[in-house]
2 protein chains.
Amino acid sequence: MNIKRVTSQDVADAAGVSRTTVSLVLNNTPNAQISEETRQRVITTARSLGYVPDAAARALVSRRAQIIGLVMARSHYHIASDAFLPQTLEGLLDVAHQNGMRLLIDIVEPQHQKEAYLQLVRAKHIDGLILSGPRLDDEALTLLDDENFPIVLIGRLPGDRYYSVDVDNRSAARNAVEHLIKLGHRRIACITNASPEYSAAAERLAGYREALEACGLAYDQNLVRYGDFSSKSGYQQMKQIILSGAEFSAVFAASDEVAYGVNAALVEQDLHSPEKTALIGFDDLPMSAYINPPLTTVRVPATELARRAGNLLVQILEGEQPEQKVQLLETHLILRHSCNLGKSMLS
Amino acid sequence: MNIKRVTSQDVADAAGVSRTTVSLVLNNTPNAQISEETRQRVITTARSLGYVPDAAARALVSRRAQIIGLVMARSHYHIASDAFLPQTLEGLLDVAHQNGMRLLIDIVEPQHQKEAYLQLVRAKHIDGLILSGPRLDDEALTLLDDENFPIVLIGRLPGDRYYSVDVDNRSAARNAVEHLIKLGHRRIACITNASPEYSAAAERLAGYREALEACGLAYDQNLVRYGDFSSKSGYQQMKQIILSGAEFSAVFAASDEVAYGVNAALVEQDLHSPEKTALIGFDDLPMSAYINPPLTTVRVPATELARRAGNLLVQILEGEQPEQKVQLLETHLILRHSCNLGKSMLS
DNA sequence: TTGTATGCGTTATCAT
DNA sequence: ATGATAACGCATACAA
């Protein structure tokens, strides 16, 4: 009732050729040789009729949906405040556009992982999968990998079974915490970015411990709490530590988002950064340079991460088998003002 | 080479029935009556074989891709810092899941609107379109609407031609600015959230002017600047105003994201909020309660906006023709500390 | 109650 | 250099 659908037959009729010819011309099929005149005629009429090949028909016969799937392993409630996500989308849309593909996105809640994206894949909705924030307890992932379904992780799981693009969370975290130690801090609290099932959270916490150990500082359970992506969790966990009476002079928040909440708790309890407490985050969200105080943090090249993951997936879809399973991108400690203890926060 | 593809034929064979029966059972076709025994047998074997209908084949024959398209009218560079987007995704994924549909996302750059999503639609990749942040100069939109393609806007365009879900940007902005005026401010700067081609930006600016006029205050061009979504733009524009020497005691930033940047400029120039300058934002991003100072802002129910838009689209796809073209959701002024001039920012 | 036959719009394999 | 024809996997009208 609504859209006038133009088929390749219509184009063929209008151009006085067969459907085959239309297909040959429009797909620029290598072997087929079409007279320049016919080629132009087909192209012109196709354009004038506004012909666009039917995606479903094409997918059905070519066995390629031309769609990349981005699946985020997050609970529903956490996605709304995931300021990291837009950067991932930017990178992936970029790659998709460059390769004439589309981007389908979905989330999979930790509790029903098994069914969730198996469906997506089995229905051949997508040709390949980018999984953001893989969890250690993900079972469906193994299944898909066993079937040789093209998968690239943004993030990483232990071992090098999967194609992955990530930063070295552990050493970056260690580096950040060592920076605090060099600044003279001995009692450093840590609020993770998420629960430890998320490998990135586990790794960052491990880096925190490593830094402590390397410098001969004791790991104090009372200074460690688990965040859950949100600023709110950062606020709550930090407040708990403060109210518990535990002493500390610095905080390592394992994501910027969480760091914002930590900062709020510090401000509220008159322990504000940088004068009274040093604070360091992780991610370098676009707005982290503009919050008060500007946040010292670990820069994660999020868009580039996504771009690499996308390109890697495209390579695999084209039949290549890249040697290198894991790509680790560089992080950099961005020094701003949130851990310049004693200095003015205005530079 | 990779995935074992299970077709309805396989299920039929294994269950000792015909493909038709399989289809009838699995789709729960109303009229067809299948013996309970056969029905169970089909369901069981389908499940044990891990059968999932092929999306392309189904789409081809049913003329329904079962995919919702979310298109953001944004330049590429702005999406990465769009902290509003995750909320939109959450709401839309919600609706998609509830209706057994998928979500495809794309962006369309202002410069090549015409081609961009026409393709998406013509290829029948998506059954309906949700357009976030429509621009006044969008031409492709008209084309699609003329073809009766199902479209719902998140945001609005003048008139009630399109199905739209939005907040009343103008009156919300007016309300916010009037709050500042009631607080005693007479010189109020305004940094918009985006350039005026975006209807939300234009509306919010109009609300700002209305508030001024209603209270008999003059509109001063020197106090108004256009942001472009990012905190960075807020910072830059605010700094320009400050350096221009224009006087003001309050700022209305037309998005929280921009407000963060404004705040940074104020802090840097020793005009920090709330002591020296009142600041009010727009959106109420999840982290706005946690920045320093906690931001007074207009709460926009972003997730709900998306959910409504999604549900409206689903209704339309099911053949309904909802009477009401425009749904306006309530906003609320959230009073935090960024405009409590003279008071402590800690409550 | 279940099976047969047909078509959806495309690409790919053959002929011509 | 171009055209017939056969799949792709499913849903559906119709037959049995």
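For the numbers below, each heavy atom of this structure counts, side chains included, while hydrogens, waters and symmetry mates do not. Every value quoted in this text rests on a predicted model; they were computed, and no experiment measured them.
- Nearest-nucleotide mapping onto DNA chain C: of B:S35 and B:L60, the residue sitting toward the 5' end is B:S35.
- The CD-P distance, from B:E37 to C:dT1, rounds to 12 Å in whole Å.
- Ring orientation note: the planes of A:Y198 and A:F229 are nearly perpendicular, at an angle over 60° on the 30°/60° scale.
- Between the NE2 atom of B:H125 and the P atom of C:dT10 there is a distance of 13 Å, rounded to whole Å.
- With D:dG9, C:dT10, D:dG3 as the candidates, the nucleotide lying closest to the side chain of A:T7 is C:dT10.
- A salt bridge links A:R161 with A:D146; the closest basic N to acidic carboxylate O contact falls under 4.0 Å.
- Taking only side-chain atoms of A:T38, from C-beta outward, the nucleotide of D:dC8, D:dT2, C:dT1 with the closest atom is D:dT2.
- No more than 12 heavy-atom neighbours from other residues, nucleotides or ligands sit within 6.0 angstrom of CD on B:E37.
- One can place CZ of B:R64 at 20 Å from C1' of D:dG9, the figure rounded to the nearest angstrom.
- Between the CG atom of B:L26 and the P atom of D:dA11 there is a distance of 8 Å, given to the nearest Å.
- Rounding to whole angstrom units, CG of residue B:D54 and P of C:dG9 are separated by 17 Å.
- Side-chain contact check for A:L103 versus A:L70: some heavy-atom pair is nearer than 4.5 Å.
- If you take CD1 of B:I34 and P of D:dT12, they are 14 Å apart, rounded to a whole angstrom.
- Rounded to an integer number of Å, the gap from B:R63 CZ to C:dT10 C1' is 13 Å.
- Proximity of A:Q327 to A:N311: side-chain heavy atoms (C-beta onward) are nowhere separated by under 4.5 Å.
- A:V17 is listed as a side-chain neighbour of A:V22, based on a closest heavy-atom distance under 4.5 Å.
- The shortest distance between side-chain heavy atoms of A:L104 and A:L120 falls below 4.5 Å.
- Taking five base pairs at each end of the helix from C:dT1-D:dA16 to C:dT16-D:dA1 and finding the rotation axis that steps the C1' atoms of four pairs onto the next four gives two axes whose angle is 40°, to the nearest 10°.
- Side chains of B:T21 and B:S18: a donor on one and an acceptor on the other come within 3.5 Å.
- As a whole-Å value, the separation of B:R122 CZ from C:dG9 P is 15 Å.
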**Item:** Under 4.0 Å protein heavy-atom contacts per nucleotide of nucleotides 11-16 of chain C, with B for base, S for backbone only and - for none
**Value:** BBB---
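- Annotation: side-chain contact (heavy atoms from CB on, under 4.5 Å) contacts of B:D82 (sequence neighbours excluded): B:R74, B:F84, B:L85.
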